Structures are given as structure tokens and as C-alpha cells.
Asks: 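I'd like to ask some things about the structure below.
Here is how names work: the chains are called A, B, and so on, in the same order as the sequence lines, proteins then strands, and each is numbered from 1. Computed from a predicted structure; not experimentally measured.
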Protein chains: 2
Amino acid sequence: MTDHVDNDGAASPKLGFRPLYQQVRDMFVRRLVDGRWTPGQALPSEMELAAEIGVSQGTVRKALDALAAENLVVRRQGRGTFVAEHDEARILFQFFKLAPDDGERAFPESRVIHIARGAATPEEGARLALKRRAQVIRIDRVRLLGGRPAISERVTLPAALFPGLDAREVPNNLYGLYAAGYGVTVANARERLKAVGLPPEQAAHLDVAPGAPALLIDRLAIALDGSPVEWRVSYCLTDGFHYASDLR
Amino acid sequence: MTDHVDNDGAASPKLGFRPLYQQVRDMFVRRLVDGRWTPGQALPSEMELAAEIGVSQGTVRKALDALAAENLVVRRQGRGTFVAEHDEARILFQFFKLAPDDGERAFPESRVIHIARGAATPEEGARLALKRRAQVIRIDRVRLLGGRPAISERVTLPAALFPGLDAREVPNNLYGLYAAGYGVTVANARERLKAVGLPPEQAAHLDVAPGAPALLIDRLAIALDGSPVEWRVSYCLTDGFHYASDLR
DNA sequence: TAGTGGTCTAGACCACGCA
DNA sequence: GCGTGGTCTAGACCACTAA
């Protein structure tokens with residue numbers, strides 16, 4: 001066992017104090033990162049984990065509650081604690097904020113326009129924290145909402161993380177593929193929104209006039225270990241749809 | 001004392017079970033709503049509250065932690081628990097999502113264009129859940145970011161909630177005024193974003209050409225008791241700025 | 001009925017802010 | 001030094017699920 005929790009001894013002088021339950025949380029995240037715990041799997045019970053690690057059940061509980069708050073695990077009373085999956089329902093509510101003005105949210109269809117790999121541009125390298133001259137995979141696709149083309153986007157990925165992705169069938173649910181196919185779990189994302197005039201290329205894909213107002217969404221997706229794993233730039237038409245944001 | 005916590009007895013049959021700490025949380029929210037606890041005030045210590053209510057300190061703690069997670073109270077180790085205030089810093093990070101593309105976030109200046117009261121339109125009535133022919137106050141203003149006009153917005157309020165607001169000086173920080181002047185605390189807000197072409201009136205206020213792409217933010221602000229208290233429609237220019245959204 | 005997570009309690013000790 | 005919230009533990013009981 002390479003995991004360990006240690007809050008006593010000379011290693012905990014004055015600064016650098018970290019609560020036990022957070023150390024336990026970090027240990028659990030490590031198990032998720034290195035694939036010891038995989039999506040959908042049932043974790044051992046709180047009691048078993050507590051006995052294994054050598055802390056109280058309450059401390060394990062605080063650690064698991066923290067992971068549940070980050071949507072990394074799902075707790076179900078009477079059944080157990082499970083590693084979260086990137087199924088469509090989760091994506092739809094956690095990462096896809098575009099909803100119809102009235103009516104139910106629905107998962108968009110996708111149409112891949114182009115997929116290729118090449119050397120990262122300076123901007124791509126900067127956003128994805130890549131070494132000079134690293135390879136990236138670029139996916140251009142159009143997504144349909146309610147049957148109409150509404151999103152034109154480019155997804156840029158570090159090729160090193162996703163070997164062979166450019167040569168395979170690309171499913172609708174990319175984050176599910178990252179997890180199931182490459183062991184890469186997207187933990188969170190930062191989005192920056194702007195209103196812009198639609199560039200000619202995107203306008204053609206969406207079948208509207210160039211210069212039409214579009215919502216530009218620039219998203220950087222972050223993996224469990226904190227590293228950026230996807231840069232996505234989406235142009236969205238917003239008549240009949242809106243981007244929903246809840247401020248608490 | 002009208003507050004009470006009761007989880008035994010015939011009132012708790014099979015359904016309708018509600019954890020004690022949530023009942024305590026609700027009791028605390030009631031105290032915030034009715035003004036027994038006011039912004040900035042220090043709450044009694046956990047021990048005192050536990051003794052007063054007749055539950056354990058741990059249960060009070062869970063209730064207060066829940067309120068802290070909702071940004072309704074602020075907990076400071078060694079000092080105490082305080083009712084949250086709508087100071088500029090809180091607004092800036094919790095409710096104002098527009099940030100410069102590079103550089104520090106800053107609070108925008110405001111210039112009131114017009115303020116008046118009148119009968120609610122059907123749409124205003126629907127959004128604010130008003131009775132037919134209720135009065136509303138409308139505030140039109142322009143907000144400046146980095147010295148440049150960047151936001152043109154209309155704020156619509158139920159006149160009954162804010163008597164005399166249309167006749168007084170309107171400060172930059174509206175939510176602070178609602179709280180300090182009228183005992184109305186904005187607890188959260190729902191925003192819907194679209195990209196639109198700027199209407200002529202807003203274009204004139206912002207000194208750009210009509211039809212220029214703008215970010216339309218439609219915000220409904222919700223009070224502590226769950227009722228809508230403000231409807232705000234903002235047209236934002238987004239060159240040099242973006243709307244930041246973190247997905248977790 | 002057995003096992004899981006959820007709630008509630010009680011008490012000890014720690015880190016922090018302040019007088 | 002004192003009082004605050006923060007952490008950690010231990011144990012009891014409850015609600016839910018599945019066999």
C-alpha cells in the first residue's frame with residue numbers, strides 16, 4: 001500500500017496543516033486518477049474504508065461527502081457509494097448549459113465535419129499547457145438542437161492523451177469516450193462567454209448569414225489531476241435557446 | 001417563541017420526514033427573513049443556539065454549514081458566525097459574472113438614465129409573480145467597465161416591496177440597498193443568456209452601431225423566502241470582457 | 001433480514017482571533 | 001487566556017435497498 005495518511009510527527013510543523021478528511025479525500029482522488037477505482041464501480045463501505053485506512057468512519061464520511069459535492073462519486077442510501085459516470089444525463093445537466101426557451105432539455109445530435117491531427121499552434125499549446133511542437137487532435141463538428149443546426153464547434157485535444165482517437169468513430173458524448181476509452185475523467189470546466197458576429201465558416205455550417213449574433217463559448221475542461229485536457233470553442237445560435245446559469 | 005422543532009409525534013408519519021438539521025436550518029432562515037437576524041450581525045455561538053433550541057451542537061453545526069454553503073452566513077474561525085452582507089465584494093464575485101479578458105475584476109460605475117413607476121405589463125407581472133395591475137418601479141441605467149459604457153440595463157421591481165425607491169438616490173450597489181433599506185435579501189438568481197443584435201435604444205446608450213452583437217442577460221433575482229424580487233435585462237458589450245462560468 | 005448510507009449525539013482536542 | 005469555529009472520534013438509531 002503506497003497510500004498513507006500522516007498528520008503527526010515532524011512532517012506537520014506549523015504551516016502545511018491539512019485536515020485528515022481532506023487527506024483522505026486526496027487519497028481517494030488518487031485512486032480515481034490511477035484507475036484503481038473506475039466509473040460505475042461500487043466503493044467499499046465506509047466501515048471497510050475506515051478500517052483499511054485507520055481513521056474513524058466519520059472521517060471517511062466527510063471525505064466521501066466532499067467527493068459527492070464535486071460530483072466525483074454518487075451516494076445512494078441503502079446501496080452504497082459509486083464512482084460517477086459521464087453518462088448523458090450527467091453531461092446534460094452538469095456541462096451542457098444550453099436549453100430550449102420552453103420545453104424539456106434534450107441532448108444534441110452531432111455531425112462531425114472534420115477530424116485531423118497536427119502540431120499545436122502557440123495558442124493551443126498555451127491553453128492546453130503543452131510542450132513546444134506537441135501534437136493535437138482537432139475535431140470540427142456541428143450539433144443540432146431540436147433538429148436544427150445550432151452549434152458549430154472545434155474541440156482541441158492533446159494527441160498524447162488520446163492515442164488513435166482521430167482514427168476512430170467519434171461518439172456524441174465525448175466525455176464518456178474520454179473516460180471509458182482513455183481513463184481521462186473531466187472533473188470540471190471553465191467557460192468564458194461572449195457575443196460575437198458569426199464568422200463566415202461557422203455561418204456556412206449553421207446555414208445562416210455571416211455576422212449574425214452568436215454566443216461564443218470558450219471552454220477549458222480540467223481533469224481529475226487538475227491538468228487541462230480539452231479546449232473547446234463553440235459558436236451557438238440562441239434563438240429559441242438560451243444559456244442557463246444559476247447564481248447562488 | 002414561535003419557532004419549534006418537532007420530529008416525533010403524529011406529525012411525522014411516513015412521508016414528510018425532514019432531518020432535524022434541515023428543520024433547524026429552516027428555522028434560522030425564518031429568523032433571517034423576518035429580520036430577527038440582520039446582515040452583519042454576529043450569531044450566538046453554536047453552543048448557545050444548541051442549548052436554546054434543544055438539539056446537539058453538531059446538529060446546529062450542520063444547519064449553519066448549510067447556510068454558509070448558500071452564502072447566507074459567513075463563518076470565521078476564532079471569531080464567530082455572521083449574517084452575510086451584500087457588500088461590493090460579495091456582489092462582484094457572486095452575482096456579477098462579467099470580467100475583463102485580462103486584468104483584475106472591478107465593480108462597474110453606474111449612470112441612471114431614467115427611473116419611474118407604472119402599472120406592470122403582463123410580462124413583468126408574470127416574471128415577478130404580481131397581481132393584476134400591480135405597480136412596478138423601472139430603472140434604466142448604463143454601467144461602465146474600465147471607464148467605457150458596456151452595459152445598458154433595465155431593472156424592474158415590485159413597487160409594493162420598495163416604497164419610495166423611485167424618489168431616492170439610487171446607489172451603485174442595488175442589492176445592498178434592497179437589504180439595508182427594505183430588508184429584502186437576494187438569496188440567489190437565475191440567469192438566461194443569449195446573443196442578440198443590439199436594439200437602437202441600447203445602442204445609443206452604449207455609443208455603438210445598432211445591431212452590433214451583444215450579450216443579453218435576463219436575470220430573475222430570488223429573495224430568501226423564494227419569491228422573485230427583481231427582474232433585470234442587461235445588454236452587454238463583450239469586447240475586452242467575458243461572462244465567466246465555472247462548471248463543477 | 002442484513003447491509004448500506006443518513007442522522008443525531010456527546011465529548012475531546014486543535015487552530016485561530018483577540019484582548 | 002479565553003471563546004470561537006474546525007476536526008476527529010465513537011456509538012446509537014433511522015431509512016432505504018435488495019435478496
Asks: Do A:Val229 and A:Leu220 touch side chain to side chain, with heavy atoms closer than 4.5 Å?
Replies: no

Asks: Provide, to the nearest angstrom, the distance between the CD atom belonging to B:Gln57 and the P atom belonging to C:dC13.
Replies: 15 Å

Asks: Please report, rounded to the nearest Å, how far the C1' atom of D:dC2 is from the CE atom of B:Met47.
Replies: 15 Å

Asks: Atom CZ of B:Arg76 and atom P of C:dC16: how far apart are they, to the nearest Å?
Replies: 16 Å

Asks: How many Å lie between CZ on B:Phe82 and C1' on C:dC16, as a whole number?
Replies: 13 Å

Asks: Return the value, rounded to whole Å, for the distance between atom CD1 of B:Ile53 and atom C1' of C:dC8.
Replies: 14 Å

Asks: In whole angstroms, how far is the C1' atom of D:dC8 from the CG atom of A:Leu20?
Replies: 7 Å

Asks: For the pair made of NZ in A:Lys62 and P in D:dC8, what is the distance, rounded to whole Å?
Replies: 8 Å

Asks: Between C:dG5 atom P and A:Gln77 atom CD, what is the distance in whole Å?
Replies: 10 Å

Asks: Assess whether a salt bridge exists between B:Lys194 and A:Asp101, defined as any Lys/Arg side-chain N lying under 4.0 Å from an Asp/Glu carboxylate O.
Replies: yes

Asks: Using a 4.5 Å cut-off on heavy atoms from C-beta on, say whether the side chain of B:Leu32 contacts that of B:Arg30.
Replies: no

Asks: Counting only side-chain nitrogens and oxygens, does A:Arg79 get under 4.0 Å of the OP1 or OP2 atom of C:dG5?
Replies: no

Asks: Between C:dG6 and A:Arg61, counting only base atoms on the nucleotide and side-chain atoms on the residue, is there a donor-acceptor pair under 3.5 Å?
Replies: yes

Asks: The side chain of B:Val55 is closest to which nucleotide in this list: C:dG17, C:dT9, D:dA18?
Replies: C:dT9

Asks: Under 4.5 Å between any side-chain heavy atoms of A:Glu230 and A:Arg219, yes or no?
Replies: yes

Asks: Heavy atoms from C-beta onward define the side chain here; which of D:dG6, D:dC8, C:dG6 lies closest to that of A:Ser56?
Replies: D:dC8

Asks: Side chain of B:Tyr21, heavy atoms from C-beta onward: which of C:dT7, D:dC8, C:dG17 has the nearest atom to it?
Replies: C:dT7

Asks: Establish, with yes or no, whether the OP1 or OP2 oxygen of C:dT4 is under 4.0 angstrom from a side-chain nitrogen or oxygen of A:Thr81.
Replies: no

Asks: Hey, is A:Glu52 close enough to A:Arg31 for a salt bridge, meaning N to O under 4.0 Å?
Replies: yes

Asks: If the cut-off is 4.0 Å, is A:Arg75 near the phosphate of C:dG6, judged by side-chain N/O to OP1 or OP2?
Replies: yes

Asks: When you match A:Gly78 and A:Gln22 each to their closest nucleotide on DNA chain D, which lands nearer the 5' end?
Replies: A:Gln22

Asks: In terms of side-chain heavy atoms of A:Glu46, which of C:dA15, C:dG6, C:dT7 is nearest?
Replies: C:dG6

Asks: Between A:Thr59 and D:dT9, is there a side-chain N or O to OP1/OP2 distance below 4.0 Å?
Replies: yes

